[in-house]
Amino acid sequence: MPIVPTSAIGAKFIGWGTSLPEKIITNDDLSKTLDTSDEWIRERTGIERRHVGGTTASLSIESGRKAIQMAGIDPLTIDALVLSTTTPDRTVPATSATVQHGLGLRCGAFDVNAACSGFVYALVVGHGLVAMGMRRILVIGTDTLSRITDWSDRNTAVLFADGSGAAIIDAVSGPGHLLGWDFDADGSLEDLLYAEIGGTLHMEGKEVFRRAVRIMVDSAEKSLKASGLTSNEIDLVVPHQANLRIIEAACKRLDIPMSKTAIILQDTGNTSSATIPLALFDAADHGRIKSGDNVLLVGFGAGMTAASAVIKWNQS
Ligand code: UT7
C-alpha cells in the first residue's frame with residue numbers, strides 16, 4: 001500500500017548547501033595505477049572525475065553551514081540534526097555529534113545509515129519529526145567512500161568518491177512539499193555490496209546493477225502512486241548517481257525522458273548519501289526547478305535499500 005503523508009503539519013526547504021573536497025581524481029589519473037581507461041569508465045559508468053578528501057564531519061559542517069547561511073537563520077533555532085552517512089568518522093559517537101558541535105547547534109542529533117538511499121530516508125524522517133511537533137530540521141547526506149575503497153580494485157575504485165549536501169526543512173501551516181514517499185529494503189541481498197568494519201567495499205557489480213534498476217522503478221512507482229501523480233507529471237527526476245546506464249534504464253521504464261533528470265555523476269562519481277542532495281541543489285542553483293514543479297527523488301543502495309519521495313517545489 002502506498003503511504004500517503006497524513007500530517008496536517010508539513011515542511012518545505014528554506015536553505016541548502018553542498019560541499020565537495022578540493023582534490024580531484026580524473027579517469028586518466030586512475031588509469032596510471034589501475035588496468036582501466038578513461039574510455040571504459042565513461043562508457044560503462046558516465047563518470048569522468050571525482051572529488052576525494054576530508055572527513056564526513058568536515059564535509060557535513062561545510063554543507064550545513066552553507067544551508068544555515070542561505071536560510072538566514074540562527075543555528076540555535078534548529079530542533080534536530082539528522083545525518084545520513086554510511087561512512088561515519090568513528091564507530092562511537094555518531095558523526096552527527098561532531099557536526100552538531102561544529103555548527104554550534106543545541107539540539108538532538110543522530111545518524112541514519114541506509115547506504116546510498118540514506119538521504120531520502122533522513123529527509124522523510126525529518127518530516128516525521130516536524131509532524132511530531134518540531135519546527136526546523138537540518139538534514140545532511142555525506143559520505144567519504146574513498147576511505148573504504150580499495151584503490152587497487154578496478155571494480156570499485158573507478159566508482160566511489162566523497163561529498164556532502166545539506167538542507168533545512170521548516171514547518172509550514174499547510175501540507176508542505178512532501179507529496180508521497182517510499183522506503184524499501186531487502187536484507188537477503190546484503191552480500192551484494194558490503195564493507196566489514198575497518199575493511200573496504202566489495203561489490204557484485206553486475207547483480208547490483210540488475211537489481212538497482214528494478215528497485216528504483218518499484219520505489220518510484222510507489223511514491224508516484226502515493227502522491228497521486230503519474231510519471232509524465234514529474235518535472236525533474238533526481239536519481240542516485242551510481243551509473244548513468246542505471247539511470248537511463250530506470251527512466252526508460254518509468255517513461256521519463258533523460259532531459260528531465262538531474263545528472264552530476266560525471267563530475268562527482270558515486271558519493272552515496274550525498275548524490276541526491278548534490279544533484280538536487282545543483283539543479284536548483286542552476287534554475288532548473290521552479291515553484292510548483294514536481295520533483296522525484298529516488299535512491300537505491302547497499303542493503304539493498306531503496307527510497308523515493310515526490311516533492312512539490314516551494315509548496316507550503
Ligand atoms: O551505490 C550503489 C553502488 N553500486 C552500483 O550501482 C554499481 C552497479 N554496477 C555497475 O555500475 C556496473 O556493473 C560496473 C560499472 C561496476 C561494471 O560495469 P559492467 O558493464 O557491468 O561491466 P562487467 O562487470 O560486465 O565487466 C565487463 C568487462 C570485464 O572484462 P571481460 O570479462 O569482459 O574481459 C571486466 O573485467 O570489463 C572489465 N572491467 C573493467 N575494465 C576496465 C571491470 N571493471 C573495469 C574497469 N576498467 N574499471
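One-based numbering along the sequence shown. Both ligands and their constituent atoms are indexed starting at 1 by order of listing. Bear in mind the structure is a predicted one, so any value in this text is a computation, not a measurement.
Near Ile246, meaning under 4.0 Å from any of its heavy atoms, are these atoms of ligand 1: 6 (O), 8 (C). For ligand 1, the atoms sitting less than 4.0 Å from at least one non-hydrogen atom of His240 are 1 (O), 2 (C), numbered in the order shown with element in parentheses. Shown in contact with Phe300 at under 4.0 Å from a heavy atom are these atoms of ligand 1, numbered in order with element: 2 (C), 6 (O). Ligand 1 places these atoms under 4.0 Å from at least one heavy atom of Leu193: 3 (C). If you number the atoms of ligand 1 from 1 as listed, the ones under 4.0 Å from a heavy atom of Arg245 come out as 18 (O), 19 (P), 20 (O). The distance from ligand 1 to the heavy atoms of Asn270 drops below 4.0 Å at these ligand atoms: 1 (O), 2 (C), 3 (C). Near Val208, meaning under 4.0 Å from one of its heavy atoms, ligand 1 places the atoms 4 (N), 5 (C), 6 (O), 8 (C). Close approach of ligand 1 to Cys116 is summarised as follows: ligand atoms under 4.0 Å from at least one heavy atom of the residue are 1 (O).
No side-chain donor from either of Asp89 and Thr95 sits under 3.5 Å from a side-chain acceptor of the other. Between the side chains of Thr56 and Thr144, at least one donor N or O lies within less than 3.5 Å of an accepting N or O. For the 3.5 Å distance criterion, the side chains of Thr86 and Asp143 fail to qualify, holding no donor opposite an acceptor. A donor-acceptor contact closer than 3.5 angstrom is absent between the side chains of Thr26 and Asp28. Asp111 and Ser96 share a donor-acceptor pair across their side chains, judged by distance under 3.5 Å alone. For Asp162 and Ser146, the side-chain atoms include at least one donor-acceptor pair closer than 3.5 Å.
Within the 4.0 Å cut-off (strictly below), no protein heavy atom is located near atom 31 (P) of ligand 1. Protein heavy atoms are found inside the 4.0 Å sphere centred on atom 25 (O) of ligand 1. Counting protein heavy atoms under 4.0 angstrom from atom 34 (O) of ligand 1 gives zero. At least one protein heavy atom sits closer than 4.0 Å to atom 2 (C) of ligand 1.
In terms of protein heavy-atom proximity, atom 29 (C) of ligand 1 is closest to Arg154 NH2, 4.8 Å. Atom 27 (C) of ligand 1 has as its closest protein heavy atom Arg44 NH1, 3.8 Å. Given atom 8 (C) of ligand 1, the protein heavy atom at minimum distance is Gly205 O, 3.5 Å. Of the protein's heavy atoms, Asn243 ND2, 2.7 Å lies nearest to atom 11 (O) of ligand 1. Of the protein's heavy atoms, Met203 SD, 3.3 Å lies nearest to atom 4 (N) of ligand 1. Among all non-hydrogen protein atoms, the one lying nearest atom 28 (C) of ligand 1 is Trp40 NE1, 4.3 Å. The protein non-hydrogen atom at the shortest distance from atom 6 (O) of ligand 1 is Ala242 CB, 3.4 Å.
Between Arg245 and Glu248 no salt bridge is recorded (no basic side-chain N to carboxylate O distance below 4.0 Å). A salt bridge links Arg136 with Asp170: at least one charged nitrogen is closer than 4.0 Å to a carboxylate oxygen. The residues Glu221 and Lys225 are annotated as not salt-bridged, no charged nitrogen and carboxylate oxygen being separated by less than 4.0 angstrom. The pair Asp218-Arg214 does not count as a salt bridge, with every side-chain nitrogen at least 4.0 angstrom from each carboxylate oxygen.
Residue contact annotation: Asp35 has a non-hydrogen atom under 4.0 Å from ligand 1.
Partner Leu244 forms a side-chain contact (heavy atoms from CB on, under 4.5 Å) with one of Met258, Arg44, Arg42 and no other, that one being Met258. Under the side chain to side chain donor-acceptor pair (under 3.5 Å) rule, Thr142 has a single partner from Ser164, Ser58, Ser19, which is Ser164.
The shortest N/O to N/O separation between Lys206 and ligand 1 falls below 3.5 Å. Distances between N or O atoms of Thr36 and those of ligand 1 include at least one value under 3.5 Å.
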Audit row: Leu280, Ile289, side-chain contact (heavy atoms from CB on, under 4.5 Å) steps and yes/no: CA-CA 9 Å; Leu280 174 64; Ile289 316 177; 3.9 Å; yes
